[in-house]
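These numbers come from the heavy atoms of this one structure, side chains and all, not from hydrogens, waters or symmetry mates.
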Amino acid sequence: MAITRWDPFREVVALQNRVNSLFRDFNETESPLTTASFVPAVDVYEDGEKVMLKLEVPGIEEKDIDVRVENHTLTVKGERKLEKEEKEENFHRIERSYGSFYRAFTLPSTVDTENVQASYQAGVLKLEMKKKAEAQPKQIKVNMAA
């Protein structure tokens, strides 16, 4: 009977290889139209008068961002391009995501889709959508019965 040296990390390395293989297989089967290179983080909140969205899109120029509202659906598309002046073989690490993105949001019927404002500052795309007048909260005065 041969004595085999126990390696506690052998199983961990094997598991890592299997997981890497799964992700590699998953990425190869997806069509390029259904996946995006990255998905920007978004905050969505509302108050009594408006609905707000803030998307983190640093490094993207305003001309590369497309915002549309159609049939109560807000879509935001864009692309972050890799800087061409840097040669890829000189990079030690690339952790930021590049490429195109697409986000779609179904808007509530209370939003006035004709009154959408977009601003872009410090890498944050801010979308402000006012609510319809009939959807805004109203104060009702209570009369005391005599």
A.B. asks: Is a donor on one side and an acceptor on the other found under 3.5 Å between the side chain of K132 and the backbone of S109?
C.D. replies: yes

A.B. asks: Does CG belonging to N71 count more than 12 external heavy atoms closer than 6.0 Å?
C.D. replies: no

A.B. asks: Could you measure the distance from the OG1 atom of T75 to the CG atom of D66? Nearest 0.5 Å is fine.
C.D. replies: 6.5 Å

A.B. asks: Can you list the residues that meet the salt bridge (Lys or Arg N to Asp or Glu O under 4.0 Å) rule with R103, with sequence neighbours excluded?
C.D. replies: none

A.B. asks: Can you tell if the side chain of Y120 reaches within under 4.5 Å of the side chain of V57, non-hydrogen atoms only?
C.D. replies: yes

A.B. asks: Does the side chain of L74 come within less than 4.5 Å of V67's, by heavy atoms?
C.D. replies: yes

A.B. asks: Using salt bridge (Lys or Arg N to Asp or Glu O under 4.0 Å) as the criterion, list what pairs up with E62, not counting sequence neighbours.
C.D. replies: none

A.B. asks: Is any side-chain heavy atom of V51 closer than 4.5 Å to one of L127?
C.D. replies: no

A.B. asks: Drop me the distance from E114's CD to M129's CE, to the nearest 0.5 angstrom.
C.D. replies: 13.5 Å

A.B. asks: Does this structure show an ion pair linking K54 with E56, if we count only N-O contacts that are shorter than 4.0 Å?
C.D. replies: no

A.B. asks: Can you tell if the side chain of K63 reaches within under 4.5 Å of the side chain of E61, non-hydrogen atoms only?
C.D. replies: yes

A.B. asks: Contact between E49 and K130 at the side-chain level, heavy atoms closer than 4.5 Å - yes or no?
C.D. replies: no

A.B. asks: Rounded to the nearest 0.5 Å, what separation is found between the CD atom of Q121 and the NZ atom of K126?
C.D. replies: 8.5 Å

A.B. asks: How long is the straight-line distance from CZ of F105 back to CG of L55, given to the nearest 0.5 Å?
C.D. replies: 5.0 Å

A.B. asks: Taking the side chain as everything from C-beta on, heavy atoms only, tell me whether I60 gets closer than 4.5 Å to I65.
C.D. replies: yes

A.B. asks: Restricting to non-hydrogen atoms, name the atom on V111 and the atom on H72 that form the minimum distance, rounded to 0.1 Å.
C.D. replies: O-CE1, 3.8 Å

A.B. asks: Can you check side chain to side chain contact (heavy atoms under 4.5 Å, CB included) on V69 and L107, steps first, answer last?
C.D. replies: CA-CA 9 Å; V69 177; L107 300 175; 4.1 Å; yes

A.B. asks: Same cluster for V124 and V44 if Ile/Leu/Val/Met/Phe/Trp/Tyr side chains link at under 4.5 Å?
C.D. replies: no

A.B. asks: With a 4.5 Å cut-off on side-chain heavy atoms, are F101 and V76 touching?
C.D. replies: yes

A.B. asks: Is the shortest distance from a Lys or Arg side-chain nitrogen in K131 or D112 to a carboxylate oxygen in the other one below 4.0 Å?
C.D. replies: no

